[in-house]
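Before any comments, here is the structure.
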Amino acid sequence: MTDSKGSAGSDDLPGAGTSSPEDAADEAERVSSELYDLIGIKGKASETGPGVGECDGKDPEKYFQIFHAWTFTPESADRLDGVMERLRTQLPEHGWKVVEYGRDTSKNNNLSLTADNDEKKYSVKIAHFAKNESPNLNLMLVSGCYRVPDGETVNRF
């Protein structure tokens with residue numbers, strides 16, 4: 001869900017259709033679950049739930065986007081070796097387009113990946129924090145811009 005120049009900007013968020021925030025949050029949890037399965041190693045995901053955000057430049061009573069930030073911690077830290085490269089290869093096989101892959105500019109030089117799924121209207125950024133005390137993957141899933149059904153307003157949670 002990046003524009004043609006490759007920059008993620010909420011002005012350029014694709015429309016994700018009409019939905020209630022609750023139903024859209026359920027969809028975000030399904031997409032996160034699919035990503036969890038693609039990680040492909042034993043571990044534990046944090047228990048955070050999706051949240052509701054605004055779509056820049058749109059009526060906040062009628063338009064919203066869903067975000068879901070969560071962390072995956074493997075049973076054994078060395079199991080994360082190679083996971084990012086595997087995700088880079090496997091995500092496109094599941095409808096995701098990898099739009100960015102490489103080291104970030106932090107002092108730990110973490111490996112990160114950004115992928116868009118145009119069909120599902122989601123984007124995910126995955127960062128591998130290999131040098132943390134407890135190495136993990138940090139995932140941030142963000143939807144396109146939803147519109148609530150006529151006669152409803154956005155319920156933020």
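Numbering starts at 1 and runs along the sequence shown.
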Are [Y] and [X] connected into the same hydrophobic cluster when the rule is that any two of I, L, V, M, F, W, Y join if their side-chain heavy atoms are below 4.5 Å apart?
X	Y	result
Leu111	Phe129	no
Tyr63	Phe157	no
Leu137	Val124	yes
Ile39	Leu113	yes

Any donor-acceptor N or O pair under 3.5 Å, side chains [X], [Y]:
X	Y	result
Asp78	Ser76	yes
Asp104	Ser106	yes
Tyr122	Glu27	no
Asn136	Thr71	no

Give, for atom [atom1] of [X] and atom [atom2] of [Y], the distance between the pair rounded to the nearest 0.5 Å.
X	Y	atom1	atom2	value
Gln65	Tyr146	CD	OH	10.5 Å
Ile126	Leu35	CD1	CG	6.0 Å
Phe67	Ser123	CZ	OG	15.0 Å
Asp37	Gln90	CG	CD	11.0 Å
Glu34	Trp96	CD	CH2	8.0 Å
Phe64	Arg156	CZ	CZ	9.0 Å

Counting only N and O atoms by type, is there a donor-acceptor contact under 3.5 Å from the side chain of [X] to the main-chain atoms of [Y]?
X	Y	result
Ser112	Ala127	no
Arg103	Asn109	yes
Lys62	Asp59	no
Ser32	Ala28	yes

Of all the heavy-atom pairs spanning [X] and [Y], show the shortest one and how long it is.
X	Y	value
Thr48	His68	O-NE2, 2.8 Å
Pro92	Leu87	CD-O, 4.2 Å
Lys58	Cys145	CD-SG, 3.8 Å
Lys121	Asp118	NZ-O, 3.0 Å
Asp23	Ser20	N-OG, 3.1 Å
Pro135	Ala77	CG-CB, 3.7 Å

Between Glu119 and Lys97, is the closest basic N to carboxylate O distance under 4.0 Å?
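Salt bridge flag = no for Glu119 with Lys97.
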Are more than 12 heavy atoms from other residues, nucleotides or ligands located less than 6.0 Å from atom CZ of Arg147?
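Buried by this count: over 12 neighbours within 6.0 Å.
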Side-chain contact test, heavy atoms from C-beta onward, threshold under 4.5 Å: evaluate it for Ser19 versus Val148 and give yes or no.
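No. Closest side-chain heavy atoms not under 4.5 Å.
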